[in-house]
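Small disclaimer: the values here were computed from a predicted structure and weren't measured. Quick note on labels: first sequence line is chain A, next is B, and so on, each numbered from 1.
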Protein chains: 2
Amino acid sequence: MEKEAAPCCQEKEIHPERLERVRSLLPPDEELYDLAELFKIFGDSTRVKILYALLEGELCVCDLAGLMEVTQSAVSHQLRVLKNSKLVKFRREGKTIYYSLADGHVESILNQGMEHIEE
Amino acid sequence: MEKEAAPCCQEKEIHPERLERVRSLLPPDEELYDLAELFKIFGDSTRVKILYALLEGELCVCDLAGLMEVTQSAVSHQLRVLKNSKLVKFRREGKTIYYSLADGHVESILNQGMEHIEE
DNA sequence: ACAACAAATGAATAAATGTTCATATGTAGA
DNA sequence: TCTACATATGAACATTTATTCATTTGTTGT
């Protein structure tokens with residue numbers, strides 16, 4: 001993803017002191033990476049729609065596929081992504097599997113995003 | 001992106017009443033799409049790092065490039081994305097351009113995400 | 001007007017991602 | 001154990017996206 005330091009401005013660093021402070025306050029790269037990974041999950045309309053739907057309560061894969069107007073397979077793939085990120089959980093009841101939100105963070109994040117949109 | 005309704009479960013819709021309720025409560029597709037677009041912006045580690053850096057105050061493109069260990073061009077491209085989404089603003093001072101966060105939403109969104117990560 | 005420099009832009013490329021189709025897995029009932 | 005059905009998985013494909021390189025734009029100082 002990265003390659004090497006940028007030559008950029010030849011006065012090397014324009015604001016060394018400011019940069020030093022930022023550098024010391026910045027979360028470690030790994031944390032930033034994980035954070036980006038999390039938001040990437042929310043960055044797909046199919047997944048966002050799934051999450052919004054689950055705000056109203058648990059639904060099975062079939063219900064979701066009907067709602068999304070997308071293949072059962074597509075929904076299933078996306079549910080796996082959501083499951084891996086611990087955003088949804090599921091329970092089995094006979095042949096059908098019910099998915100629901102894993103915790104309240106999902107709702108908070110969606111709401112914060114919506115607030116920014118609506119303005 | 002989509003194609004056609006899914007045949008899926010032959011009993012058509014397993015929970016019609018539940019589905020109907022969800023359908024009526026769900027935000028319009030366009031809104032969900034915009035929301036996903038917003039989160040997509042946060043879904044890249046370079047951009048997240050830029051945003052985090054700007055939490056501490058304004059920085060010029062050069063500073064950011066130095067911080068990211070990425071080309072000036074790459075940073076500039078990403079700043080354009082952030083600018084288009086109204087997440088950052090800028091002011092010019094001579095040859096250099098200073099970028100800063102557009103509003104407080106950015107911080108709220110980042111924090112909500114971090115909360116989910118840290119557990 | 002010209003040289004120097006910060007930042008922006010465009011084209012090209014490599015990598016990541018979402019969807020579909022086909023198939024496999026797991027569960028329930030005859 | 002065989003069939004039916006809900007869900008999961010794998011491979012393939014098309015699209016999106018982030019980066020770099022090369023160049024342009026805009027500003028300052030001479």
How many Å lie between [atom1] on [X] and [atom2] on [N], as a whole number?
X: A:R47; N: C:dT19; atom1: CZ; atom2: P; result: 8 Å
X: B:Y98; N: D:dT27; atom1: OH; atom2: P; result: 16 Å
X: A:K95; N: C:dA30; atom1: NZ; atom2: P; result: 11 Å
X: A:E69; N: C:dT19; atom1: CD; atom2: C1'; result: 15 Å
X: A:Y99; N: D:dA6; atom1: OH; atom2: P; result: 15 Å
X: B:K49; N: D:dT19; atom1: NZ; atom2: P; result: 12 Å
X: B:K40; N: D:dT16; atom1: NZ; atom2: P; result: 9 Å
X: A:E93; N: D:dA6; atom1: CD; atom2: P; result: 14 Å

Is B:H77 stacked on the base of D:dT19, with ring centres under 5.5 Å apart and planes under 30° apart?
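The ring of B:H77 is not stacked on D:dT19.
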
Can a cation-pi geometry be assigned to B:K83 and B:F90, taking NZ or CZ under 6.0 Å from the six-membered ring centre and within 45° of the ring axis?
yes

Within the pair B:Q78 and D:dT19, is there a side-chain N or O less than 4.0 Å away from OP1 or OP2?
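Result: yes.
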
Examine D:dT9: is either OP1 or OP2 under 4.0 Å from a nitrogen or oxygen in the side chain of A:R80? Give yes or no.
yes

With clusters defined by side-chain heavy atoms of hydrophobic residues (ILVMFWY) lying less than 4.5 Å apart, directly or transitively, does A:Y98 cluster with A:V75?
no

I'd like to know if [X] reaches the base of [N] with its side chain such that a donor and an acceptor end up less than 3.5 angstrom apart.
X: A:S73; N: C:dT19; answer: no
X: B:T71; N: D:dC21; answer: no
X: A:Q72; N: D:dA8; answer: yes

Taking side chain as C-beta onward, heavy atoms only, is B:F42 less than 4.5 Å from B:L110?
yes

Does the side chain of B:H15 reach to within under 4.5 Å of the side chain of B:E17, using non-hydrogen atoms?
yes

For A:D44 and B:K40, what are the C-alpha separation, side-chain angles and deciding distance, and is it a salt bridge (charged side-chain N to carboxylate O under 4.0 Å, His left out)?
CA-CA 7 Å; A:D44 174 84; B:K40 207 172 288 184; over 6 Å; no

Among C:dT19, D:dT7, D:dT19, which nucleotide has an atom closest to any side-chain atom of B:T46?
D:dT19

Residue mapping more 5' on DNA chain C - nearest nucleotide basis, B:F90 or A:G43
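Residue closer to the 5' terminus by nearest nucleotide: B:F90.
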
What contact category does A:T96 fall into here, base, sugar-phosphate, or nothing, at under 4.0 angstrom with non-hydrogen atoms?
sugar-phosphate

